There are 2 protein chains.
Amino acid sequence: MNRSEIKIERIITYRRILLKLYNDGEKNIFSYQLANKCQVSSAQVRRDLMDIGYSGSPANGYEVQCLIKSIAEFIDPDKKQGIALVGLGNLGRAIIDYFNGQSLKLEIVALFDKNPNKINRVIAGCHSYHINDLKEIIIKNNIKTAVISVPSTDAQQVADVLVDGGIKGILNYAPIILNVPDSIYVQNRDMITTLEKVSYFANYNNK
Amino acid sequence: MNRSEIKIERIITYRRILLKLYNDGEKNIFSYQLANKCQVSSAQVRRDLMDIGYSGSPANGYEVQCLIKSIAEFIDPDKKQGIALVGLGNLGRAIIDYFNGQSLKLEIVALFDKNPNKINRVIAGCHSYHINDLKEIIIKNNIKTAVISVPSTDAQQVADVLVDGGIKGILNYAPIILNVPDSIYVQNRDMITTLEKVSYFANYNNK
DNA sequence: AGATGTGAATGGGTTCACAGCA
DNA sequence: TGCTGTGAACCCATTCACATCT
């Protein structure tokens, strides 16, 4: 079974849309309807849902609730997963506010900064620690996923400690390519690259 | 010539790394060295550079300065481009701080919010307006690229005004799929989807 | 009639492998 | 010798197209 990044991302998107539909009281949906909402082809939706092992019916399409459950079985970890966030600037705070409470199985549970004014506080229900305690705390809490929202000058150093502490996945907002072992999954999301790309296509597609 | 999203993103990354090398006084670089720093294959680097029309030499590899210039010719707009940012929460402020001053041809030049306390101010050298003035100002300043960092409840409405005002590219941080015409380039970067994906691969790659 | 599920065809991005060059 | 440049091969994601089902 294919678990490419791009497919996983689509499936996560399907779920978010399905949850919205479920809350609106929708019971069933056809592949082309879900496809429209996600801006992919209906064949793509059918193929993806086939891969996760859920079957609809030609008459009624897919049952929203069952499909959500199948996606959860395919995607979600068995138990709740804690996430560490390093860097409590505007970006770090934004991420906590956006994220916590939005995902059933995932939660940011520990915050880190090097600024003494930002440690030993509670932000959005979450405790902040000095970055010197990073390794100890992620080990103690068995944290496998981390967000880096520190300036790029500090990012590699933070990554080294995270890897040392057993982290397996990193969401990196600093505009550098982190040097980590191949076994660590890294998703780079720096805003400079992204905005340059958007600007490029904004101009290029229209000349 | 191929200008796929993924290639453009790589080329933008090459440039950022080359600029760093240039500042460090490096004159030349081989494809495999650049490849290592970007975590792609050397064949990929050579293919990408071939496509932008820059040639190196087998003896000395690529000249850093010339290559930066060639990339600029391939990627950059002819003149400076202004960018609008809508939504002045923590995320919006983080984006301004991260971005402005980092890109030669791009600059966030106008900020928008609906909260009266946040308008008519100057943040990082940039004026903030009420969102009611959004359309007028992007038209007057010929702005083609925008960032949406408002709550998801407001995002579609903002997108509609942006499209109405002639925007061609949108960087969307709200966790919804925007409904806009096909001719508009949209890059979705919501943190919930991203973090769910990172967590998935953190767990899945290691069991 | 109008969906789903899926083998097969398609398309396009990446890598291979090697000629050419300093 | 060891690199670049590149046609060709490869690989994998997407789409096609249609048998199947209700």
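The figures here come from the full heavy-atom set of this structure, side chains too, leaving out hydrogens, waters and symmetry mates. If you're wondering where the values come from, they're calculated on a predicted model, not measured in any experiment. All chains are named by letter (A, B, ...) in the order of the sequence lines, taking the proteins before the strands, and each is independently numbered beginning at 1.
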Participant: Hey, does the side chain of B/Q44 come within less than 4.0 Å of C/dG13's phosphate (OP1/OP2), counting only N and O?
Facilitator: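 No, no such contact exists.
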Participant: Select from B/R10 and A/A59 the residue whose nearest nucleotide in DNA chain C is closer to the 5' end of that strand.
Facilitator: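 On the 5' side of the pair lies A/A59.
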Participant: Separation of A/I6 atom CD1 from D/dC12 atom C1', in whole Å?
Facilitator: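 It works out to 11 Å between those atoms.
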Participant: Under a 4.5 Å cut-off applied to non-hydrogen side-chain atoms, are B/D190 and A/R16 in contact?
Facilitator: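 Yes, close enough: below the 4.5 Å cut-off.
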Participant: Give a yes/no on whether any side-chain N or O of A/N60 is located under 4.0 angstrom from OP1 or OP2 of D/dT22.
Facilitator: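 Answer no for this pair, as no side-chain N or O of A/N60 is under 4.0 Å from OP1 or OP2.
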Participant: At less than 4.0 Å, is any side-chain N or O atom of A/S55 found next to OP1 or OP2 of C/dT4? Yes or no.
Facilitator: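 For A/S55, the contact criterion (side-chain N or O under 4.0 Å from OP1 or OP2 of C/dT4) is not met.
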Participant: With the side chain of B/S31 defined as its heavy atoms from C-beta on, choose the nearest nucleotide among D/dA13, C/dT15, D/dT4.
Facilitator: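 Selected nucleotide (nearest to the side chain): D/dT4.
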Participant: Tell me whether the side-chain N or O atoms of A/R47 pair up with the base of D/dT14 as donor and acceptor below 3.5 Å, since no angle test is needed here.
Facilitator: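 Absent.
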Participant: Looking at B/K27, I'd like to know if its NZ atom is crowded, meaning that more than 12 non-hydrogen atoms belonging to other residues, nucleotides or ligands lie closer than 6.0 Å.
Facilitator: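 Not more than 12 within 6.0 Å, no.
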Participant: Of all the choices, C/dC21, C/dT6, C/dT14, which nucleotide is nearest to the side chain of B/P58 once you look at every atom?
Facilitator: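 Closest nucleotide to the B/P58 side chain: C/dC21.
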Participant: B/N2 side chain N/O closer than 4.0 Å to the phosphate oxygens (OP1, OP2) of C/dG12?
Facilitator: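 No.
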Participant: Would you call A/I123 and A/R93 a side-chain contact if the rule is heavy atoms closer than 4.5 Å?
Facilitator: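 Heavy-atom side-chain distance check passes, below 4.5 Å.
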Participant: May I ask you to verify if any side-chain N or O of A/S57 is less than 4.0 angstrom from the OP1 or OP2 atom of D/dT22?
Facilitator: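 Negative; the distance criterion is not met.
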Participant: Where the side chain of B/A43 is defined as all heavy atoms beyond and including C-beta, which of C/dT4, C/dC16, D/dC3 is the nearest nucleotide?
Facilitator: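 Comparing C/dT4, C/dC16, D/dC3 against the side chain of B/A43, the answer is C/dC16.
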